[in-house]
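Lettering follows sequence order; numbering is per chain, from 1. Note: hydrogens, waters and symmetry copies are ignored here, and every other heavy atom, side chains too, is used. The shown structure was predicted, so the numbers you read here are calculated from the model rather than taken from an experiment.
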Amino acid sequence: MSDRKLQAPRGTFDVLPEDGQRRRELYRRAGSVLGRYGYRPFETPVFEDTELFARGVGESTDIVRKEMFTFEDRGGRSLTLRPEGTAGVARAYVEHGMHKLPQPVKLWYWGPFFRHERAQAGRYRQFAQVGVEALGSDDPSLDAEAVLLLAELLEAAGVHEIRLRLSSLGSPDARAAYLDGLRRYLRDHEGELSDDVRGRIDANPLRAFDADHEGTRAVMANAPRLLDSLTGDDAEHFAEVCALLNDAGVSYDVDATLVRGLDYYTRTTWEFIGPLDGANSTISGGGRYDGLIEEIGGPPTPGVGFGAGIERLLLALEDAGVTAEPSAPDVFIAVEPDAPRELALGWLKELRAAGVAADTDYAGRSLKGQLTQAGRSGAHTIVIVRSSEAVVRRQGAQDEPLAHADVLGTLL
RNA sequence: GCGGACGUAGCUCAGCUGGUAGAGCUCUCGGUUGUGGUCCGAGCGGUCGCGGGUUCGAGUCCCGUCGUUCGCCCCA
């Protein structure tokens, strides 16, 4: 036996009741918006075949290379706690032959995800995400709709000061060609770049656009831009998305430097930035992934979707002042020491069955202690059981003495 | 993987230049109150993260270690 104190594993957290209520309220609001947009609830397993993520998310991504919780089951199969939501939904789409359903198939999910990273504000090893996937259509109006939906969802949640960054990655081939060109350009100017940018030329050249470093900024001012390299169809698709968002009155910044760290993204990508400063101000990111389904063994199928971090949303909400209403019982029953407690327990059962939230003392408190509890609980009605009668006290009203037999009748 | 800060009661923290622990809140009880949210009092509650070292003596200094947290990278 060790003396080590047991505690929640690093990067995880307990949802205490108060926060639990805020989450449930957020869930309720999100579900309402999602339903109106025609998305249906969907769930996939929390762990999947490791290969799904290796192929879907991409071998070269940070997520797959160093952030997955991977383990072997007793049969020697390699399984991985899902680090994101899209791959699992895509797998299910293929597995259940959902390409035979009317397209697009619009699904939403809410649940836990896992990434082995260093935790910091708004970033955890187990975190929750709400997301949608619309599979089976490459119609740009679906992209625009997803952005619109996300904007409305954030609005409904109570996050108001948000900024939308929008870009297009084009087709995978075009993107790869562009990145090669960008790398060449950066290497030609290596001497003028900051150390960290230079070190990331191979891994993540797009980050160079975000640098504060003066020399780097000067170099990047003339660097080739991804959006300029879009081919005809991709350019047209993106223009259509932008036009639709304009029509819908959504304001956004077209930002060619937007990076999404998952390999499956193609064409439209976007990111919602919350009101908080810092690296984790990205509340939600999403985009199109027209090659993913094929990559994991399905028929060529386009798709678009997003994920939004619940903890980051809630962080943003702290500023916006959204709180959950405390849950107070309707009735609290206090029992005098010499009175029959069975009576109270029986009433509780009846009241609860009738849909009334009712509670009593379970700690053997004195009557004073019980009434203190009753007051704290916020109950509108307090019943004091005495041996010969009961007193019903309603907020702001005079005490009402009653025979035991009449108590339930007046409460229900 | 890399930096910074911090680790004293359930919570928030105080403990000055080292002398073997305090406050407020919470909780329980008693008094007061029109049998409850006020006020007063009492009580419960801590191997000062852990392990070494210096010292007559360490929560207080040094080293290590574990943990938490913030940031970088990356991402939701």
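- The pair D361(A)-R341(A) fails the salt-bridge criterion, with no side-chain N (NZ, NE, NH1 or NH2) lying under 4.0 Å from an Asp/Glu carboxylate O.
- With both pairing distances under 3.5 Å, C27(B) is matched to G43(B) as a Watson-Crick or G-U wobble pair.
- Nucleotides C44(B) and C62(B) are separated by 37 Å at their C1' atoms, to the nearest Å.
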Protein proximity profile, nucleotides 25-33 of chain B - base contact B, sugar-phosphate-only contact S, no contact -, cut-off 4.0 Å on heavy atoms: --SSSSBB-
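- Between the side chains of E389(A) and H404(A), no donor-acceptor pair of N or O atoms lies under 3.5 Å.
- D228(A) and Y178(A) form no side-chain donor-acceptor contact under 3.5 Å, judged by distance and modelled atom types alone.
- Distance F332(A) CZ to G36(B) P: 14 Å, rounded to the nearest Å.
- Salt bridge absent: E117(A) and R125(A) never bring a charged side-chain N and a carboxylate O closer than 4.0 Å.
- Inspection of the Y93(A) and E133(A) side chains reveals no N or O donor paired with an N or O acceptor under 3.5 Å.
- Donor-acceptor pairing under 3.5 Å is lacking for the side chains of D139(A) and S137(A).
- Counting to the nearest Å, the P atom of U35(B) and the CD atom of E400(A) are 18 Å from each other.
- Taking atom C1' on both C48(B) and G15(B), the two are 11 Å apart, rounded to the nearest angstrom.
- Across all strands shown, the partner of A5(B) is U68(B), judged by Watson-Crick or G-U wobble contacts whose two distances both fall under 3.5 Å.
- Comparing G11(A) and E311(A) against RNA chain B, the residue whose closest nucleotide sits nearer the 5' end is G11(A).
- The CG atom of D399(A) sits 9 Å away from the P atom of U35(B) (whole-angstrom rounding).
- Counting only N and O atoms by type, the side chains of D263(A) and S60(A) include a donor and acceptor under 3.5 Å apart.
- Straight-line distance from the CE atom of M68(A) to the C1' atom of C74(B): 15 Å, rounded to whole Å.
- Nearest-nucleotide mapping onto RNA chain B: of I382(A) and F127(A), the residue sitting toward the 5' end is I382(A).
- We find that CD of E117(A) is positioned 9 Å from P of C75(B), with the value rounded to whole Å.
- Close to C75(B), at under 4.0 Å from its OP1 or OP2, lies a side-chain N or O of R207(A).
- On the P atoms, A14(B) is 10 Å away from U8(B), given to the nearest whole Å.
- Backbone-only contact: R200(A) has heavy atoms under 4.0 Å from sugar-phosphate atoms and none from a base.
- Pairing of C73(B), defined by two Watson-Crick or G-U wobble distances under 3.5 Å, is not identified with any nucleotide.
- Straight-line distance between the P atoms of C61(B) and C2(B): roughly 27 Å, to the nearest whole Å.
- Residue R10(A) places its side chain closer to U68(B) than to any other of C75(B), U68(B), U35(B).
- For E190(A), the CD atom counts as densely surrounded, since its 6.0 Å shell holds more than 12 non-hydrogen atoms of other residues, nucleotides or ligands.
- With no hydrogens or angles considered, no side-chain donor-acceptor pair links T268(A) and S168(A) at under 3.5 Å.
- As rounded to the nearest Å, G67(B) and C50(B) have P atoms that lie 15 Å from one another.
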For a ring pair (Phe, Tyr, Trp, His ring centres under 6.0 Å) check, start with the C-alpha distance between Y27(A) and W110(A), then their side-chain angles and the critical distance, and finish with the verdict. CA-CA 8 Å; Y27(A) 180 89; W110(A) 168 299; 5.0 Å; yes
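- Counting any heavy atom pair closer than 4.0 Å across all strands shown, I310(A) reaches no nucleic acid atom.
- Rounded to whole angstrom, the span from the CH2 atom of W270(A) across to the C1' atom of C75(B) amounts to 16 Å.
- Separation of the C1' atoms belonging to C74(B) and G3(B) is 16 Å when rounded to the nearest angstrom.
- Here, C25(B) and G37(B) have their C1' atoms 16 Å apart, quoted to the whole Å.
- Ranking G67(B), C74(B), C70(B) by closeness to the Q7(A) side chain, first place goes to G67(B).
- C75(B) atom P lies 13 Å from atom CD1 of I273(A), rounded to whole Å.
- Judged purely by distance below 3.5 Å, without hydrogens or angles, the side chains of S171(A) and R175(A) never pair a donor atom with an acceptor atom.
- In this structure, Y124(A) reaches the bases: a heavy-atom distance under 4.0 Å links it to at least one base atom across the strands shown.
- Residue pairs meeting the ring-ring contact (aromatic ring centres under 6.0 Å, His included) criterion with at least one partner in residues 354-382 of chain A, sequence neighbours excluded, are absent.
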How does protein reach along nucleotides 2-11 of chain B, written 5' to 3' as B (base within reach of a heavy atom under 4.0 Å), S (only sugar-phosphate), or - (no contact)? BB--------
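- Between Q120(A) and G71(B) there is a side-chain N or O to OP1 or OP2 distance below 4.0 Å.
- In this structure, R386(A) reaches the bases: a heavy-atom distance under 4.0 Å links it to at least one base atom across the strands shown.
- Nucleotides G1(B) and G59(B) are separated by 34 Å at their C1' atoms, to the nearest Å.
- Nucleotide C75(B) holds its P atom 7 Å from the CD1 atom of I63(A), rounded to whole Å.
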